[in-house]
Amino acid sequence: MIKKFLFSSLIAICTFSAAFAQTKTKESGKELNDPDNLASQYFSQVMGVAVDATSNLKLYKFIYEWIGTPYSYGGSSKRGIDCSAFTKAIYDKVFNTTIRRNSRDIFSMVDPLSKEDLKEGDLVFFKIKSRSISHVGIYLGDNRFAHASSSRGVVISNLNEPYYSRYFYKGGRVLESFKKEFTVE
């Protein structure tokens, strides 16, 4: 309920600010009446990611709508979701790309990356108390990633936290051969 109120407030503020700023000129190279700029600033503050890392507003809006959803192994709805279903939903809705359903199978669809090479929208994989990949999330920038945590539900965490740093395996970028064509009819 609070999230819906905050999001509605953001939209109202953006609309009001855009209407108010239409008579103003450019400041620091950014239009004052740019609602996307205001939304980027909001998501940057809420999610702890640098403003310049919030280039995909659709991604941040999607994650924001899911924050707090409880974890449920095998789940794929707002009543409960697991890490791979959450990642799959992001790729379906935000990137128009169909990926597989479990973290090990998703890893087979990516070009592996080191932590230093990660970009917004890349995937992060973990081997948590296992010899095989057991967890996946989506990289947001500034070492932050969104995922469905088995203990906290859908959250944003930091790769530098000791727990995630210990179990981090690799990052990955979905290979072009797996991306489906987007056609407008």
Side-chain angles (χ1 to χ4, degrees), residues 1-14 35-36 38-107 109-110 118-126 128 133-161 163-164 167-169 171-174 178-180 182:
M1 187 66 155
I2 289 176
K3 284 194 313 187
K4 287 182 182 179
F5 172 75
L6 288 173
F7 191 69
S8 298
S9 298
L10 171 68
I11 299 300
I13 290 169
C14 289
D36 287 345
L38 292 171
S40 290
Q41 290 175 9
Y42 175 77
F43 287 129
S44 169
Q45 290 175 358
V46 170
M47 296 184 183
V49 178
V51 173
D52 61 350
T54 60
S55 62
N56 188 338
L57 290 179
K58 190 173 180 183
L59 171 64
Y60 290 91
K61 182 178 182 288
F62 184 90
I63 292 167
Y64 182 79
E65 291 172 354
W66 282 81
I67 293 286
T69 299
Y71 179 87
S72 176
Y73 182 76
S76 59
S77 73
K78 293 264 181 137
R79 289 184 310 202
I81 194 162
D82 65 19
C83 64
S84 56
F86 178 64
T87 304
K88 180 174 176 40
I90 288 173
Y91 266 78
D92 284 344
K93 302 293 185 203
V94 176
F95 299 108
N96 196 38
T97 300
T98 301
I99 60 173
R100 297 183 178 138
R101 179 57 176 86
N102 79 47
S103 54
R104 287 180 294 280
D105 290 342
I106 294 169
F107 186 74
M109 301 176 70
V110 304
L118 290 170
K119 293 182 181 173
E120 177 185 79
D122 286 340
L123 299 169
V124 288
F125 297 90
F126 302 85
I128 299 176
I133 294 168
S134 59
H135 189 61
V136 63
I138 187 153
Y139 188 73
L140 301 175
D142 290 342
N143 288 312
R144 313 276 285 169
F145 68 104
H147 62 120
S149 160
S150 60
S151 60
R152 298 177 294 151
V154 176
V155 294
I156 295 172
S157 299
N158 192 313
L159 288 172
N160 293 331
E161 291 174 30
Y163 181 83
Y164 294 111
Y167 294 114
F168 178 80
Y169 176 60
R173 191 166 297 140
V174 175
F178 288 105
K179 293 181 178 176
K180 66 182 178 183
F182 180 75

Novice: Using a 3.5 Å distance criterion without hydrogens, assess whether the side chain of Tyr91 forms a donor-acceptor pair with backbone atoms of Gly121.
Specialist: yes
Novice: Side-chain contact, heavy-atom cut-off 4.5 Å: Arg101 with Asp82?
Specialist: yes
Novice: For Tyr73, what residues pass the ring pair (Phe, Tyr, Trp, His ring centres under 6.0 Å) criterion, not counting sequence neighbours?
Specialist: none
Novice: Looking at the rings of Phe168 and Tyr164, which for Trp means the six-membered one, are their centres under 6.0 Å apart?
Specialist: no
Novice: Could you measure the distance from the CG atom of Asp92 to the CD1 atom of Ile99? Nearest 0.5 Å is fine.
Specialist: 7.5 Å
Novice: Would a 4.5 Å heavy-atom cut-off, applied to side chains only, mark Ile106 and Ile133 as touching?
Specialist: no
Novice: Quickly, which of Ile128, Leu123, Val136 forms a side chain to side chain contact (heavy atoms under 4.5 Å, CB included) with Ser103? Name it, please.
Specialist: Val136
Novice: Atom OH in Tyr169, atom OG in Ser134: separation rounded to 0.5 Å?
Specialist: 12.0 Å
Novice: Supply the atom-to-atom distance Thr87 OG1 to Arg100 CZ, rounded to the nearest 0.5 angstrom.
Specialist: 15.0 Å
Novice: I'd like to check Ile138 versus Phe95 (side-chain heavy atoms, cut-off strictly below 4.5 Å). Are they in contact?
Specialist: yes
Novice: Closer than 3.5 angstrom, by distance alone: can the side chain of Lys93 be matched with the main-chain N or O of Lys58 as a donor-acceptor pair?
Specialist: no
Novice: Taking the side chain as C-beta and beyond, is there a heavy-atom pair between Ser76 and Lys88 under 4.5 Å?
Specialist: no
Novice: If we ignore hydrogens and angles and just use 3.5 Å, is the side chain of Asp122 paired with the main-chain N or O of Lys119 as donor and acceptor?
Specialist: yes
Novice: Would Phe145 and Phe126 count as a close aromatic pair, with their ring centres under 6.0 Å?
Specialist: yes
Novice: CD1/Ile81 to OG1/Thr69 distance, rounded to the nearest 0.5 angstrom?
Specialist: 7.0 Å
Novice: Do the side chains of Arg144 and Asn158 get nearer than 4.5 Å, heavy atoms only?
Specialist: yes
Novice: Taking the six-membered ring for Trp, are the ring centroids of Tyr167 and Tyr163 within less than 6.0 Å of each other?
Specialist: yes
Novice: May I ask you to test the Trp66-Lys78 pair for a side-chain heavy-atom distance under 4.5 Å?
Specialist: yes
Novice: Would you name the heavy atoms of Glu120 and Leu59 that are closest together and state the gap between them?
Specialist: CG-CD2, 3.9 Å
Novice: Relative to each other, are the rings of His135 and His147 parallel, tilted or perpendicular (30° and 60° limits)?
Specialist: perpendicular
Novice: Does any part of the side chain of Phe86, heavy atoms only, come nearer than 4.5 Å to the side chain of Phe62, both counted from C-beta?
Specialist: yes
